[in-house]
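Data block below; observations after.
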Amino acid sequence: MNAAAKSKNVFADVLERVRGAATPLLAPDTDFSRVLVEPPRDPTHGDMATNAAMVLAKDAGKKPRDLAEAIGANLRSDDIVEKVEIAGPGFINLTLKSHVWAEELRRVLRGGADYGRSDIGKREKVNVEYVSANPTGPMHVGHCRGAVFGDALANLLTFADFDVTREYYINDAGAQVDVLARSAYLRYREALGENIGQIPEGLYPGDYLKPVGEALAAEHGGALVGKPESEWLQIARAKAIAMMMAAIRADLAALNVSQDAFFSERSLIAGGKDQVAATIDELRARGEVYQGRLPPPKGGAAEDWEDREQTLFRSTDFGDDVDRPLMKSDGSYTYFASDIAYHKSKFDRGFLHMIDVWGADHGGYIKRMQAAVKAVSGGKADLDVKIIQLVKLLRAGEPVKMSKRAGEFVTLREVVDEVGRDAVRFMMLYRKNDAVLDFDLAKVIEQSRDNPVFYVQYAHARGESVFRNAREMLPDLPRAAAERAAMLQGARIERLSDSGELSLMRRIAAFPRVIEAAAVAHEPHRIAFYLYELASEFHALWTRGKDLPHLRFIIQNDPETTKARLALVQGIVTVLASGLALLGVSAPEEMR
RNA sequence: GACCCCGUAGCUCAGUUGGAUAGAGCAUCAGCCUUCUAAGCUGAGGGUCGCAGGUUCGAAUCCUGCCGGGGUCGCCA
């Protein structure tokens with residue numbers, strides 16, 4: 001019977017009540033989709049504000065303020081509404097009875113790690129493709145932002161009830177893996193005792209290929225020496241790719257990133273079944289692939305431009321600027337051609353939602369890929385491409401130099417080893433994906449407010465510390481979070497009346513909204529910012545207990561008040577831990 | 001020349017998908033530790049949201065045009 005218990009959270013509940021209050025005043029088929037219930041920026045405007053009257057005024061044929069008064073009058077009799085105020089152009093500001101917030105906090109304690117889960121995903125399948133670094137060497141620091149982003153986004157979508165597959169596309173078919181094979185072959189000869197001298201220009205110079213050479217030597221002895229490339233290339237390539245992928249997976253594991261599916265580009269054309277050709281033929285049959293000529297690029301002098309007829313995909317039919325070539329001049333497929341076949345495979349595997357996480361230099365590629373997804377799926381599937389901007393690696397404000405030419409780059413492993421997984425992950429998510437990120441190795445291990453990783457983790461540890469201290473007074477307070485939460489559900493939360501406490505209860509209650517908004521927008525950074533704000537408010541309330549002892553969480557001769565406040569702390573700790581878990585960052589019990 | 005992204009406080013950045021008087025951190029200045037972790041907190045100053053139009057009850061947010069920065073532009077992935 002209690003509507004609040006049925007709905008997912010207070011915001012959804014209040015929205016229902018606003019609709020209920022407005023419906024009798026409107027035509028039966030009124031569209032409520034633009035009606036929002038939000039926490040107002042200014043707390044003096046109450047707990048909730050709705051734009052209902054302003055959005056619906058036109059349909060109702062009334063002035064916004066008049067309609068607001070009418071809706072407000074109906075809301076005033078609602079049993080969870082304390083106060084209704086009409087403000088500005090027609091906002092309806094609601095103050096809710098305080099038991100509403102106590103109820104919501106109990107819901108947090110009941111839900112534990114599940115609080116904030118959403119059902120908006122409806123178990124729909126979504127494919128999140130990320131990292132997809134070429135298997136030609138270890139992961140370097142530039143890869144880790146996309147890795148962390150994709151991983152956190154996948155966590156978030158899972159939490160919002162999508163059926164998520166985390167995928168890695170292995171570019172094991174292009175010319176660069178042949179270069180890898182030749183580089184490994186050279187290391188193979190070296191492993192057999194040959195002096196290979198300087199690594200020639202055009203081959204990968206890094207030492208990380210030595211183990212591949214040694215493995216080849218151990219496996220094949222001298223059998224491959226002096227043979228033509230055609231006899232060893234495949235062998236060296238397969239070995240090198242397998243070993244590089246193993247290294248990459250180990251690097252990703254160090255970041256706590258794991259993926260479900262590793263899709264090989266080579267598999268598209270292997271086994272006598274050329275799926276790239278098949279995809280192109282299919283599109284050609286539908287008139288979306290044709291032989292034609294492209295205009296030369298404008299602006300540039302285009303000296304080596306050679307006008308020729310080629311195989312083109314009609315991406316302009318799907319919103320792209322020009323049609324895109326599918327074959328190189330030597331008759332092989334372009335990367336785009338295999339990418340179309342690859343995305344078709346995602347569609348064939350049942351994914352109607354695809355998310356690709358790409359580096360910033362691929363921005364110009366988005367439209368054609370979205371066009372291709374529309375084409376191969378007959379408009380049924382959608383592709384969102386998240387562009388991950390560069391990371392500027394700094395140390396105490398100074399850029400960290402790296403020379404790719406000398407084969408020296410900062411590896412992902414080095415960074416994780418130096419500052420820790422949590423710092424890397426949190427900082428990579430503490431910026432919108434399309435903004436350049438400064439990553440300062442010195443700053444992220446600082447233990448200060450300047451370092452958001454520390455600041456948020458510290459809030460969690462502080463909360464846990466309260467429980468440790470409270471146990472002196474309440475010896476039966478359980479250590480395990482779930483049992484403790486169960487016990488604290490019985491606390492008299494209604495007696496919490498300080499504005500800081502109430503404000504924290506509202507902040508906690510906003511978590512499900514943040515989850516949904518972040519999931520819909522594919523923006524995990526919103527969780528990081530939310531956690532920072534929650535931590536900040538908790539630190540503030542904590543310190544107020546210094547000046548005002550009656551506001552401390554633990555009140556020596558008042559177990560009832562103490563329990564009520566511990567319930568609040570439990571709510572804070574629960575949401576902090578679950579938000580951090582979505583980001584893949586640990587929630588420590590203490591910071592020492 | 002075309003397309004994409006960015007432009008918000010001195011610096012680094014958020015801004016709840018169009019809401020009310022635009023917010024944090026750093027830096028600057030002024031304060032708070034016999035007490036639950038001062039690894040923290042409170043307050044002050046600091047803004048023509050790049051510029052100009054438009055859409056509407058209402059624009060940092062949407063549209064158009066400029067300005068500035070970055071990226072991309074048949075054969076690399």
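Being a predicted model, the structure only gives us computed values, none of them experimental. Letters go in sequence order (proteins before strands), and every chain restarts at 1.
As rounded to whole Å, 19 Å separates atom P of B:C4 from atom CG of A:Asp356. Going from atom OH of A:Tyr290 over to atom C1' of B:G74 covers 12 Å, rounded to whole Å. When the P atom of B:C26 is taken as reference, atom CG of A:Asp440 falls 15 Å away, rounded to whole Å. The separation between A:Leu67 atom CG and B:C57 atom P is 15 Å, rounded to whole Å. If you measure from atom CD of A:Glu69 to atom C1' of B:C57, you get 16 Å, rounded to the nearest angstrom. What separates CD of A:Glu309 from C1' of B:C75 is a distance of 17 Å, to the nearest Å. In this structure, CD1 of A:Ile554 is placed 10 Å from P of B:C36, rounded to the nearest angstrom. B:A2 atom P lies 11 Å from atom CG of A:Asp321, rounded to whole Å.
Taking atom P in both B:C62 and B:A14, one finds a spacing of 15 Å when rounded to whole Å. Look at the P atom in both B:C41 and B:G47: the space between them is 25 Å, to the nearest Å. Taking the C1' atom of each, B:A2 and B:G74 are spaced 15 Å apart, rounded to whole Å. Going from the C1' atom of B:C49 to that of B:A24 covers 16 Å, rounded to whole Å. A gap of 8 Å separates the P atoms of B:U42 and B:G25, to the nearest Å. Comparing the same atom, P, in B:G54 and in B:U61 gives a spacing of 14 Å after rounding to whole Å. Rounded to a whole angstrom, the distance from the C1' atom of B:U48 to that of B:A59 is 15 Å. Distance noted for atom P between B:G15 and B:C6: 11 Å (whole Å).
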Exercise. Step by step, would you call A:Asp356 with A:His362 a side-chain hydrogen bond (donor to acceptor under 3.5 Å, both in side chains)?
Worked result: CA-CA 11 Å; A:Asp356 287 4; A:His362 286 56; over 6 Å; no
Problem set entry | Criterion ring-ring contact (aromatic ring centres under 6.0 Å, His included) on A:Tyr130 and A:Phe149, from CA distance to verdict | CA-CA 8 Å; A:Tyr130 55 104; A:Phe149 177 90; 8.8 Å; no
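Each of A:Phe529 and A:Ala461 lies near RNA chain B, and the nucleotide nearest A:Phe529 is the one positioned closer to the 5' end. Between A:Gln310 and A:Tyr532, the residue whose closest nucleotide on RNA chain B is further toward the 5' end is A:Tyr532.
For residues 35-59 of chain A, every residue pair satisfying the salt bridge (Lys or Arg N to Asp or Glu O under 4.0 Å) rule, not counting sequence neighbours, is listed here: A:Asp47-A:Arg506.
Across all strands shown, A:Lys63 has no heavy atoms under 4.0 Å from either base or sugar-phosphate atoms. Residue-level contact check: A:Asp320 touches neither bases nor backbone, having no heavy atom under 4.0 Å from any strand. The residue A:Tyr530 sits apart from the nucleic acid: no heavy atom pair falls under 4.0 Å. Among the protein residues, A:Val436 comes within range of the sugar-phosphate backbone only, with heavy atoms under 4.0 Å from sugar or phosphate atoms but none that close to a base. At the heavy-atom level, A:Gly545 lies under 4.0 Å from base atoms of the strands shown.
In summary, A:Arg544 and A:Asp498 engage in a salt bridge, as defined by a charged side-chain N under 4.0 Å from a carboxylate O. One finds a salt bridge joining A:Arg484 and A:Glu464 here, because a Lys/Arg side-chain nitrogen approaches an Asp/Glu carboxylate oxygen to under 4.0 Å. Using a cut-off of 4.0 Å between Lys/Arg side-chain N and Asp/Glu carboxylate O, A:Lys346 and A:Glu129 are scored as salt-bridged.
One finds the OH atom of A:Tyr335 at 6.0 Å from the CD atom of A:Glu265 (value rounded to the nearest 0.5 Å). For the atom pair NE2 (A:His460) and CG (A:Leu534), the distance works out to 11.0 Å, reported to the nearest 0.5 Å.
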For this session: Summarise protein proximity over nucleotides 40-46 of chain B in one line of letters, 5' to 3': B for base, S for sugar-phosphate only, - for none, counting protein heavy atoms closer than 4.0 Å.
Result: BSS----
Seminar exercise, completed: Under a 4.0 Å heavy-atom criterion, the protein footprint on nucleotides 15-20 of chain B, written with B, S and -, is SBB-BB
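In B:U12 the base sits anti relative to the sugar, since the glycosidic angle is further than 90° from 0. Look at B:C33: its glycosidic torsion is within 90° of 0, and that puts it in the syn range.
With sequence neighbours excluded, no residue forms a side-chain contact (heavy atoms from CB on, under 4.5 Å) with A:Glu398.
Side chains of A:Gln457 and A:Asp422: a donor-acceptor N/O pair is present below 3.5 angstrom, by distance only. Of the N and O atoms on the side chains of A:Glu104 and A:Tyr115, at least one donor lies less than 3.5 Å from an acceptor on the other residue. A donor-acceptor contact closer than 3.5 angstrom is absent between the side chains of A:Tyr530 and A:Arg526.
A:Phe336 does not carry A:Arg324 over the face of its six-membered ring by the limits of under 6.0 Å from the centre and within 45° of the normal. Cation-pi check for A:Arg314 over A:Tyr290 is met; the charged atom lies under 6.0 angstrom from the ring centroid and within 45 degrees of its normal.
Here the side chain of A:Thr136 pairs no donor or acceptor atom with the backbone of A:Leu180 at under 3.5 angstrom. A distance-only check finds no donor-acceptor pair linking the side chain of A:Thr562 to the backbone of A:Ile554 [under 3.5 Å].
Closest to the side chain of A:Arg431, out of B:A14, B:C57, B:C32, is B:A14. Closest contact between the side chain of A:Asp361 and the listed nucleotides B:U72, B:C6, B:U56 involves B:U72.
Proximity of residues 328-341 of chain A to RNA chain B (heavy atom under 4.0 angstrom from any strand atom) is restricted to A:Lys328, A:Ser329, A:Tyr335.
The one candidate from A:His522, A:Gln370, A:His353 that meets the side chain to side chain donor-acceptor pair (under 3.5 Å) condition with A:Asp384 is A:His522.
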Seminar exercise, completed: Given Watson-Crick and G-U pairs under 3.5 Å, RNA chain B in dot-bracket ([ ] crossing, | other strand) is (((((((..((((.....[...)))).(((((.......))))).....(((((..]....))))))))))))....
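Applying the 4.0 Å criterion to OP1 and OP2 of B:U37, one finds that A:Ser465 has a side-chain N or O inside that range. At the phosphate of B:C76, neither OP1 nor OP2 sits under 4.0 Å from any side-chain N or O atom of A:Asn134.
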